[in-house]
Amino acid sequence: MLAVYLLLSAVIIGLDQWFKFWIVGNFNLGDVQQVIPNVLSLTYIHNTGGAFSLLEGQRVFFIIITVVAVAAGIYYLAKHLQESKWLTIGISLFLAGAVGNFIDRLRLGYVVDMFQLDFINFPIFNIADMALVVGVAMIFIYILLDEREKKHGK
């Protein structure tokens, strides 16, 4: 069963890396191409920080944190395989996002970002970032549901 969740992570990592490779091969740094006018553009940038470009230039810090987080995620996933799908899929998405950006940091020294929301002032992001956010949200939902069950004595 663990293999199914790790395969999900691997597929998302592959999609993330393929799309980043495509962006780098077809766009110059800073190029913008509208996909859906006033909604979504592809904008090729380099991000040397974390979410919202926090801690820019702290590559070693991000590498260490990612190794620890991925090891903990794999351990927790293996230990809780029979838990809620909210938790197991959430951890799989979290792992995919963390590893997708980790590969960029190791290989390039920065993360390739490309999705820009044109209708709101929001940082440019990538598939790995989306997997991280959705994964953490699913883990949070699991925690809320689990606490609710405990409160009601189930």
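Here the structure is a predicted model, which is why all the values come from computation and not from measurement.
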Participant: If you measure from CG on Leu145 to CG on Leu87, what distance do you get to the nearest 0.5 Å?
Facilitator: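 Answer for the CG-CG pair, Leu145 versus Leu87, is 11.0 Å.
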Participant: In Å, rounded to the nearest 0.5 Å, how long is the span from CG of Leu93 to OG of Ser9?
Facilitator: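 Rounded to the nearest 0.5 Å, the CG-OG separation comes out at 7.0 Å.
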Participant: Looking at Tyr75, I'd like to know if its OH atom is crowded, meaning that more than 12 non-hydrogen atoms belonging to other residues, nucleotides or ligands lie closer than 6.0 Å.
Facilitator: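 Not buried by this count: 12 neighbours or fewer within 6.0 Å.
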Participant: Would the distance check show the side chain of Asp31 and the main-chain N or O of Asn28 forming a donor-acceptor pair, the cut-off being under 3.5 Å?
Facilitator: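 Looks like yes, one N/O pair under 3.5 Å.
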Participant: Measure the CD-CG distance between Gln34 and Asp118 for me, rounded to the nearest 0.5 Å.
Facilitator: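 Taking CD in Gln34 and CG in Asp118, the distance rounds to 6.0 Å.
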Participant: Nearest 0.5 Å, what's the CD1-CG distance between Ile103 and Leu108?
Facilitator: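 Going from CD1 on Ile103 over to CG on Leu108, the span is 10.5 Å.
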Participant: Using 0.5 Å steps for rounding, measure from the CG atom of Asp146 to the CD atom of Glu83.
Facilitator: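 So the CG of Asp146 and the CD of Glu83 are separated by 7.0 Å.
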Participant: Assert yes or no for the condition that the ring centre distance of Phe19 to Phe115 is strictly below 6.0 Å.
Facilitator: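 Yes, the ring centres sit under 6.0 Å apart.
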Participant: Do Phe140 and Trp86 make the cut of ring centroids closer than 6.0 angstrom?
Facilitator: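 That pair fails the under 6.0 Å test.
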Participant: Would you kindly say whether Tyr5 and Lys85 are connected by a side-chain donor-acceptor distance under 3.5 Å?
Facilitator: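 There is such a pair (donor and acceptor under 3.5 Å, judged by atom type) between the side chains of Tyr5 and Lys85.
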Participant: Is there a side-chain contact between Gln116 and Leu42 in this structure, where contact means two heavy atoms from C-beta onward sitting under 4.5 Å apart?
Facilitator: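 Side chain of Gln116 against side chain of Leu42, heavy atoms only: no contact under 4.5 Å found.
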Participant: Is it true that the side chains of Asn126 and Asn101 contain a donor and an acceptor less than 3.5 Å apart?
Facilitator: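 Yes.
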